[in-house]
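Please read all numbers here as calculations on a predicted model, not as lab measurements. Just the heavy atoms: all of them, side chains too, but no hydrogens, waters or symmetry mates, feed the values below. Each chain gets a letter, A, B and so on, in the order the sequences are listed, and its residues count up from 1.
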2 protein chains.
Amino acid sequence: MAKDDALDVAERVHKAAIRMLRAARVADATTGLSAPKLSALSVLVFGGAMSLSALAKAEQVTAPTMSKLVGDLEAEGLVAKRADKADKRGLRIEVTTKGRALMEKGRQARLALLTARVAKLSRAERAQLDAAAALMLKLAASP
Amino acid sequence: MAKDDALDVAERVHKAAIRMLRAARVADATTGLSAPKLSALSVLVFGGAMSLSALAKAEQVTAPTMSKLVGDLEAEGLVAKRADKADKRGLRIEVTTKGRALMEKGRQARLALLTARVAKLSRAERAQLDAAAALMLKLAASP
DNA sequence: TTAGTTAGTTAGTCAAACTAATTATATGCG
DNA sequence: CGCATATAATTAGTTTGACTAACTAACTAA
């Protein structure tokens, strides 16, 4: 049976994830923040304070790109740069209370959109979705 | 039980989808094409030839932005513009053979990455993932 | 027929990506 | 130890991709 062939499953999950996130994306406007800035902020909130290079790597951009983004976020009071005690070249980039609040707002808007739709599913379907979420995380983390 | 609450499920699926696609994204470099161009090309391949405004809407950008992107893609020989017979103002944007091949290459690279990981799952897990894909499409299409 | 709408393009601006080069600090080897 | 090399972040300059405003051409309906 072709239906559970790894390639076909990868294909369908890939496409479905893209469509779902694309639909959710329309909610981002509520923050007034650009997608790259919102995304960087989100990584900081969930991953905790980190160096500029670590953040750049997480976001798959170069250090200069992230340097500029973080500079802008700092100017808006959404993140703060602290010196790294152990390494004088390095930074610790932290989310401020204001930054956390704004990120949370955008996140809520996205989730509200998705939640309204998830709520229409049956209990069994929600369980199915939840189990798949764990699997997708596993795929993402896979070596 | 909180575990199948709609908000929690939405939250976990949202995060998992983001992480999975972020992991897959590293493969896009193989095409030499930028993300917006690759994405537009992909919409054309799967959605078939369409007008500029339809493509712009699908990609959630404005008409001028898409006009420039399509112009670039045309210059690279990846798409072709044809006049709309019924409406002389309109265009039909078609993918060329070359465009289709390049898009397919990028798609394969992404999917190869995911497929390798999906293949490590059990048959039951793949089935679970596949069922969830259908549900995510439903969420994306939901009004 | 003419007023209003829709399709697409052009012009101009800004944000976000890159590479190359700079500065400062760490690290490691002879 | 001292110098070469590597690493962290920034600065400078360029390109790409996003927007709005303004335009032309063509369609639609009063």
message: Hydrophobic cluster membership, with links at side-chain heavy-atom distances under 4.5 Å among I/L/V/M/F/W/Y: are Val79(A) and Leu38(A) in one?
response: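 Yes, Val79(A) connects to Leu38(A) through the hydrophobic network.
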
query: For the pair made of CG in Asp84(A) and C1' in dT25(C), what is the distance, rounded to whole Å?
result: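 Nearest whole value for this atom pair: 12 Å.
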
[X], nearest nucleotide to its side chain (from [options]):
X	options	value
Leu69(B)	dA8(D), dA18(D), dA26(D)	dA18(D)
Leu52(A)	dT10(D), dT16(D), dC19(D)	dT10(D)
Val61(A)	dG8(C), dC18(C), dA16(C)	dC18(C)
Lys81(B)	dT9(C), dG8(C), dT20(D)	dT9(C)
Ala63(B)	dA26(D), dC19(D), dT9(C)	dT9(C)

message: Using a heavy-atom cut-off of 4.0 Å across all strands, would you classify Ser53(A) as base, sugar-phosphate, or nothing?
response: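 It contacts sugar-phosphate atoms only.
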
- request: Could you tell me whether Thr62(A) contacts a base, only the sugar-phosphate backbone, or nothing, with contacts defined as non-hydrogen atoms closer than 4.0 Å?
  value: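 Base contact.
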
Spacing of Asp28(A) atom CG and Arg110(A) atom CZ [to the nearest 0.5 Å]: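 Rounded to the nearest 0.5 Å, the CG-CZ separation comes to 4.0 Å.
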
message: Need to verify one output field. Residue with the more 5' nearest nucleotide on DNA chain D, Asp72(B) or Pro64(B)?
response: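 Result of the comparison: Asp72(B).
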
query: OP1 or OP2 of dT10(C) less than 4.0 angstrom from a side-chain nitrogen or oxygen of Ser67(B), does that happen here?
result: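 For Ser67(B), the contact criterion (side-chain N or O under 4.0 Å from OP1 or OP2 of dT10(C)) is not met.
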
